[in-house]
Amino acid sequence: MDAKTYNAALSELRTLRDEIKRAKTALAKLEAERDKHITAMAAYAKAKAERIGPAAGLSLAEVVAIAPTLAPESLTISPKEPEPATNTPHTSDTGSAPAAPEPADETPGTPAPVMTSRPQQAAAAPTPHEPTAPAAPLPLPTRASALPSIPEGPQGDTWFTHTPNLASTRPNFTQQARSTVFLDAASGTLVYRDRTLRLELTTASAGEILTAVSHTIPEGVERIYITAGDPWHRQADHYPYLKDAVAAWLNAPTPGWRADTGRGRDRMAGHFVHPRNPVGRYQREGGEHHVEIRSVGEWFDVDGAHPAVVRDAFVLLWKTLRSHWPDAVIMGSPSQTGRDLWTRTIPTRGQFADGYPVLSEELRGLLHATAGQGRTELLTPPDVPHQLPSLVEYDRTFAYAKHTWKSAVGTPRRITAAAFASWSEKEQTKALFGSGHWHIRATVPHDWNHVGILPAPAPGDRAWHYPKTPGTTFTTWAGGPEIYTALTNPLTPWNIDILDGILWDDGKPLDDWSKKLKDCWARLTAQATIHGHESQRTAAHLASRAVRAILLYGIGSFAQRPRIVTGTTPRTLERDVPTDAEIIGFDDQTITWQRPTGFARDPHAHPEWAAAIWSAARAALLTQRHRDDDTYAGALRTPPGTVVAFRTDALYLTQPHNWPYHHQPGDYLLRGRLTGPLTAPTSEEELLTLRDAGRAALTAEKEA
C-alpha cells in the first residue's frame, strides 16, 4: 500500500465512522421505542415473555430485564417456601433486574460484635395500605459486578502508606480575583459591577458573546457567568444528545478568539463539555487575554432572578466569607472555592503543620471503586402500593455539614479478619465507631420487611443497590456509620462478618472549615428570612445556596475521581487526537474527544474523607437521633411499605411525620406534599414530576 492509498483509506474510515455514529444513534432510538412498547405490553394481564421475546427479537432473560413483571411463574418463589441459600441481591428500581444468584462467599470472616445501641423507639406499625403481595418474581438477570479487594499478604500491605512527597499544605500566596460579569443570554441583560447594560445577541454563540462583552467592557473581563438563556442548548434539537449540542456550541468558530490551550498540563484540553454546566475557555488571538464562559447553575438555581440580583448574591457571599477568611476569593466553581478555602484552614502548628499526606494510589483507587456517594433508589410496586395515599418529600437541610466533625488522619492500618477476631469486643466496637472502611459479608435477616441498609454492587449500568430480600447474603464495602445502623437498627440486627478493613486515627481536618461555612450559611439564611428588601432577601437566599454548594462540591473534590480530559482538535489535524482517546462528537470542522488520565498527583486528594461523609449521610437517611428532642427520624422510623424513594439528601414517603425541624444542618425539612390517591411513580421522570407538583402544592398551602 502506498501513501496515496493509505490516505484514501483514512478518508473512507472517517466517513464510515460518521455513518456508524449516526447509525448507533438511530439504533438507540429504536431500542428505546422497543423497550417502551414492551413495558406498556407488560401491563396486559395475559402478557407473556415467551410470546413477546420472539416478536421483539430478544431472549426471555432480556425481556424480563426490561419488564420484570413478565417473569415466568416457575421463577417465582412462594412466600411459604424457604429462600435458597444463595446470594440474591435485590433492587426494586424499574428496569433493573436483581443480581443473578451466586454461590455464597466462603471467605473466612469475623462476626461483628453485638452492639448495645441507645434506647430505640419501636418502628411504627404497618398501615392498612402496606403491600401484602407475595414475594416478587426473580427474573433472569445480569450478574452484578464484583468489587475489588485488598491483595493478600505483603502485596496488599504495601498499599497502606502515603504517596511520597505529596501532601495538602497551607498556601503561601493570595488568590487573585477575576473581573466578572453576569449575562442573561436570553434578554441580553449584562451586569458589570454597579452597571446594567444591554447586548444585542442574535445567535448567542460563544463568539458573539465574547465580542459583544469585550466591546461593551473595554477594560477587560475574565469571567462571564450565564444566569439564564443557556445558549449552549439553542441547537439541542439538532443533535441526538445534549452533550453533542454543548460541544458544538463550545467549538463553533469564534472570530478573534481561539480555544484557550495555553494554560494547564494538557495543551488541547481547553473546554469542559458538560450537558448543563459547561465551561468555555477562550483566548484572544494574538494576545494574553483569557476569558471563561460559565453557568451560574454550578452554584445555585437562579429561579428567574435578575442578573443584578445574582451579582448581589456573589458580592454578599464574598463579604460573608471574608468574615472568616480575610483573603477569600470566589473562584470559578464552588468546588474550586471550597478546596481553596479549606487549604487556608490547614494548621500552622501541631502534628499536621506540614500538611495532610495523600494516600497511596492503590488505596485511592480502592476507595474510588468501593465508596459510593448519595443514595438514589426508587421503590416500585409491590414494594409500595400501586395507588399512594400521598407523596411527602423530606429534605435533610445542609446535610453533609452535619458529618464533617470527625475524619481520618494518619497512616492507614490494615485490619484483617484474623486481626479483628483477636480483639476484645470493646476494641472491635471502638474500631467500627472509628474512621474506617470495611470489607464485609452481610446477610439480610429472614424476617426483614423494610428497605435495604447497606450498598452492594448492582447489576447492569447502575453502580449500587440496597439488597433487602430476606435471607440474601452479599459481599460489599461499607463505612462504619452504615455498619452501625445495620447492627443497631430499630427492627432487627443484620449479620455482619468482617473480611478486611482500613482503619485510621480520628482527627478533625475538616472541622474548622465546616464550622466557618456553617456560620456563613446560618447568617445568610437568617438574612434571607428577615431582610426588609425583597431583592436582598433573594440575594441572601442565593448566597446561602452558594455556601451549601461550596461545602457539598468541596467534599466531592476530595474524592478525586480518575480524571477524564475533554479536548477538541480540528479535523484537518485529526492525527493529533490522542491514540487512547474516545471520540464523543464531531462536525465538519472539529473533533471532540475524551480520554482517561488516571489519578493526578493532586495534593488535595483525600477520598477517605469524602467516603466517610457519604456513608454517614446515607446512614442518617435511615435513622437519625435528635438529642434535644429525644426522638428519631429517617426511613427506618417509618412503617414498612411507605418509603417511595431516596434521592441523595431527600426521602419520599406515603405519609407525613412529625419530625423536629430547628433549621440546623441535617434536620428533615418538609419540602413538598401531594395528596392522593396517586399512581406510584415507576421512573425518575415520574417521581420528579410528582415532586415538583408536591412542592408547588405545599407552597400554595402555606400562602393560602
Side-chain angles (χ1 to χ4, degrees), residues 334-335 338 342 367-368 370-378 393-408 432-438 451-456 463-466 476-489 506 508-511 513-515 517-518 521 545 547-561 606-627 632-638 643 645-653 659-669 671:
S335 62
W342 172 74
L367 286 163
H368 165 65
T370 61
Q373 195 171 351
R375 179 169 182 169
T376 301
E377 183 181 19
L378 175 64
E393 178 192 7
Y394 288 97
D395 186 45
R396 295 187 65 232
T397 299
F398 204 17
Y400 287 1
K402 186 177 177 65
H403 307 295
T404 54
W405 62 276
K406 179 183 74 173
S407 300
L432 292 178
F433 269 116
S435 298
H437 191 58
W438 301 94
V451 298
I453 293 180
L454 296 167
W464 304 97
H465 70 157
Y466 295 81
T476 190
W477 285 82
E482 290 168 292
I483 295 175
Y484 171 77
T485 301
L487 293 170
T488 66
N489 70 81
D506 292 339
K508 293 182 176 292
L510 304 178
D511 193 44
W513 173 71
S514 177
K515 284 179 177 177
L517 288 176
K518 283 187 282 189
W521 172 80
R545 300 298 291 173
V547 173
R548 175 186 178 275
I550 287 173
L551 185 134
L552 177 68
Y553 294 114
I555 290 169
S557 73
F558 289 128
Q560 198 228 10
R561 304 298 189 189
H606 293 285
E608 67 276 20
W609 298 347
I613 291 169
W614 294 337
S615 175
R618 291 193 300 267
L621 270 183
L622 296 169
T623 179
Q624 173 177 280
R625 187 184 183 212
H626 293 260
R627 291 182 176 85
Y632 294 83
L636 293 179
R637 303 293 171 169
T638 68
V643 178
F646 298 87
R647 280 184 61 80
T648 308
D649 300 330
L651 187 60
Y652 296 83
L653 308 170
W659 291 334
Y661 184 74
H662 303 301
H663 303 275
Q664 296 299 312
D667 285 359
Y668 279 85
L669 171 66
R671 289 289 305 277

What are the two closest heavy atoms between [X] and [Y], and how far apart are they?
{"X": "L378", "Y": "A645", "result": "CD1-CB, 4.0 Å"}
{"X": "D667", "Y": "H626", "result": "OD1-CE1, 3.6 Å"}
{"X": "G479", "Y": "S615", "result": "CA-OG, 3.4 Å"}

Contact check, side chains of [X] and [Y], non-hydrogen atoms, under 4.5 Å:
{"X": "T648", "Y": "Y400", "answer": "yes"}
{"X": "Y466", "Y": "V451", "answer": "no"}
{"X": "L622", "Y": "N489", "answer": "no"}
{"X": "T397", "Y": "W521", "answer": "yes"}
{"X": "T488", "Y": "T623", "answer": "no"}
{"X": "V643", "Y": "T638", "answer": "yes"}
{"X": "Q624", "Y": "W659", "answer": "no"}
{"X": "F646", "Y": "L651", "answer": "yes"}

Donor-acceptor under 3.5 Å (R618 side chain, P455 main chain): no
Short side-chain to backbone donor-acceptor contact, S514 and L510, under 3.5 Å: no
CD1 on I550 to CG on L552, rounded to 0.5 Å: 11.0 Å
Aromatic ring pairing H437/W477, orientation class (parallel under 30°, perpendicular over 60°, tilted between): parallel
Parallel, tilted or perpendicular: ring planes of F433 versus Y484, cut at 30 and 60 degrees: tilted
Within 6.0 Å of OH in Y661, more than 12 heavy atoms from elsewhere: yes
Identified salt bridge (Lys or Arg N to Asp or Glu O under 4.0 Å) counterpart of D649 within the set R375, K402, R548: R548
Any donor-acceptor N or O pair under 3.5 Å, side chains S435, D506: yes
